Amino acid sequence: MKKLSFLISVLLFSTASAFADVYTIYSGKAQVAHEAGKYFSNWDFTIKYDDVEKNYYLYTKVTIKNIRILLSENDLEKIRYALTKYKEWVKIAKEHNVEMAKEISDSSIKTEITWEHGIDTWYTASGFNLTLKAVSQNLQQHYLVISSNKVISPQSEYINIKLDPLYFNEVNAEALLAALQKEKIESVKEEYNKKKAAQDLFQ
């Protein structure tokens with residue numbers, strides 16, 4: 001019965017997605033750490049907006065699994081706040097020649113995640129918590145880090161997901177903050193709607 005309910009929910013999700021206007025707000029880069037931070041590799045992510053559900057989503061990967069994290073307007077505000085606070089702390093760290101490792105208060109996000117497991121099989125779980133921290137690798141390199149807890153699929157205790165922590169250096173953090181400004185997001189939406197209206201002329 002559980003399996004049947006899950007298949008129905010996946011079908012409904014797929015059908016709804018097929019008719020939803022989902023488009024990109026920002027495509028950016030972060031980094032992921034390997035071997036306990038000994039080296040980093042570049043990591044792509046995309047923030048999209050669903051014009052029907054009026055929600056935002058962060059799309060990225062965990063190893064080779066595609067994931068989608070639900071974000072509200074309030075969640076975006078928390079991310080903007082964390083990025084701004086991170087910039088302030090980086091300035092302080094450089095001025096005083098010190099390192100930092102501190103969670104940014106009032107920026108944690110509780111949401112849900114949908115992830116790929118196997119071929120064309122997707123799972124969704126709630127209780128997915130994002131934590132935003134300012135962390136120094138050394139006196140010169142400081143990151144905003146987005147990490148998460150591990151959540152388990154309601155369908156199987158053996159299927160779980162946890163975000164590979166995303167490390168934003170100063171350049172990537174500045175680019176993300178600029179892209180998430182309310183005026184910038186509204187500009188992207190307006191441009192999308194203009195193009196959509198133009199396409200609707202071809203009937």
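Heavy-atom basis, side chains included; hydrogens, waters and symmetry copies ignored. Since we're looking at a predicted model, the values are computed, not measured.
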Do the non-hydrogen side-chain atoms of [X] and [Y] ever get within less than 4.5 Å of each other?
{"X": "S153", "Y": "Y158", "answer": "no"}
{"X": "E103", "Y": "T131", "answer": "yes"}
{"X": "R68", "Y": "K48", "answer": "no"}
{"X": "H142", "Y": "M100", "answer": "yes"}
{"X": "V151", "Y": "I113", "answer": "yes"}
{"X": "H34", "Y": "S41", "answer": "yes"}
{"X": "L163", "Y": "I67", "answer": "yes"}
{"X": "Y57", "Y": "D50", "answer": "yes"}

Can you check side-chain contact (heavy atoms from CB on, under 4.5 Å) on N149 and K162, steps first, answer last?
CA-CA 6 Å; N149 60 328; K162 182 180 181 181; over 6 Å; no
Between [Y] and [X], does any NZ, NE, NH1 or NH2 come within less than 4.0 Å of an OD or OE carboxylate oxygen?
{"X": "E191", "Y": "K194", "result": "no"}
{"X": "E116", "Y": "K61", "result": "no"}
{"X": "E88", "Y": "K91", "result": "no"}
{"X": "K78", "Y": "D106", "result": "no"}

When rounded to the nearest 0.5 angstrom, what is the spacing between [atom1] in [X] and [atom2] in [Y]?
{"X": "Y123", "Y": "K65", "atom1": "OH", "atom2": "NZ", "result": "10.0 Å"}
{"X": "L71", "Y": "E112", "atom1": "CG", "atom2": "CD", "result": "10.5 Å"}
{"X": "N169", "Y": "Q31", "atom1": "CG", "atom2": "CD", "result": "5.0 Å"}
{"X": "K85", "Y": "L83", "atom1": "NZ", "atom2": "CG", "result": "12.5 Å"}
{"X": "N129", "Y": "T111", "atom1": "CG", "atom2": "OG1", "result": "9.0 Å"}
{"X": "D75", "Y": "R80", "atom1": "CG", "atom2": "CZ", "result": "10.5 Å"}

I'd like to know if [Y] and [X] are part of one continuous hydrophobic network [Ile/Leu/Val/Met/Phe/Trp/Tyr, side-chain heavy atoms within less than 4.5 Å].
{"X": "L177", "Y": "I92", "answer": "yes"}
{"X": "V135", "Y": "V32", "answer": "no"}
{"X": "V145", "Y": "L176", "answer": "no"}
{"X": "I185", "Y": "I109", "answer": "yes"}

Assess whether side-chain contact (heavy atoms from CB on, under 4.5 Å) is satisfied between W43 and T60, documenting all intermediate values.
CA-CA 8 Å; W43 211 250; T60 187; 3.3 Å; yes
Heavy-atom count around [X] [atom1] within 6.0 Å, excluding the residue itself: above 12?
{"X": "K102", "atom1": "NZ", "value": "no"}
{"X": "K189", "atom1": "NZ", "value": "yes"}
{"X": "Y39", "atom1": "OH", "value": "yes"}

Could you tell me whether the side chains of Y192 and E190 share a donor-acceptor contact shorter than 3.5 Å?
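There is no such pair (donor and acceptor under 3.5 Å, judged by atom type) between the side chains of Y192 and E190.
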Using distance alone, with no hydrogens and no angle criterion, decide if Y49 and E53 have a side-chain donor and acceptor under 3.5 Å apart.
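On atom types as modelled, these side chains do not qualify, holding no pair under 3.5 Å.
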Filter on ring-ring contact (aromatic ring centres under 6.0 Å, His included), then keep only pairs touching residues 67-104, sequence neighbours left out; what's left?
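Listed by first then second residue: nothing to list.
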Nearest non-hydrogen partners of [X] and [Y], listed with the distance:
{"X": "N97", "Y": "L139", "value": "O-CD2, 3.4 Å"}
{"X": "I104", "Y": "A82", "value": "CD1-O, 3.4 Å"}
{"X": "S148", "Y": "L130", "value": "CB-CD2, 4.0 Å"}

Can a donor-acceptor pair be found, under 3.5 Å and without considering hydrogens, that links the side chain of T121 to the backbone of G118?
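Side chain of T121 to backbone of G118, a donor-acceptor pair under 3.5 Å: no, none is there.
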Backbone of T63 reached by a side-chain donor or acceptor of D164 within 3.5 Å
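Yes: the side chain of D164 pairs with the backbone of T63.
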Verify side chain to side chain donor-acceptor pair (under 3.5 Å) between Y56 and E73, making sure each step is shown before the conclusion.
CA-CA 8 Å; Y56 299 87; E73 290 277 4; 3.1 Å; yes
Out of the candidates N42, D44, N172, only one should pair with K29 under the side chain to side chain donor-acceptor pair (under 3.5 Å) rule; please name it.
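When N42, D44, N172 are each tested with K29, the side chain to side chain donor-acceptor pair (under 3.5 Å) holds only for D44.
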With F45 as reference, evaluate I146, I69, L58 under the side chain to side chain contact (heavy atoms under 4.5 Å, CB included) test and give the passing residue.
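Among the candidates, only L58 passes.
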Compute the ring centroids of Y143 and F40, then answer whether they are less than 6.0 Å apart.
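That pair passes the under 6.0 Å test.
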Could you check I159 against W115 for side-chain contact (heavy atoms from CB on, under 4.5 Å), going step by step and ending with a plain yes or no?
CA-CA 10 Å; I159 298 174; W115 72 97; 3.8 Å; yes
side-chain contact (heavy atoms from CB on, under 4.5 Å), that's the test. Do E77 and K182 meet it? Break it down for me.
CA-CA 9 Å; E77 183 59 42; K182 291 181 180 180; 3.8 Å; yes
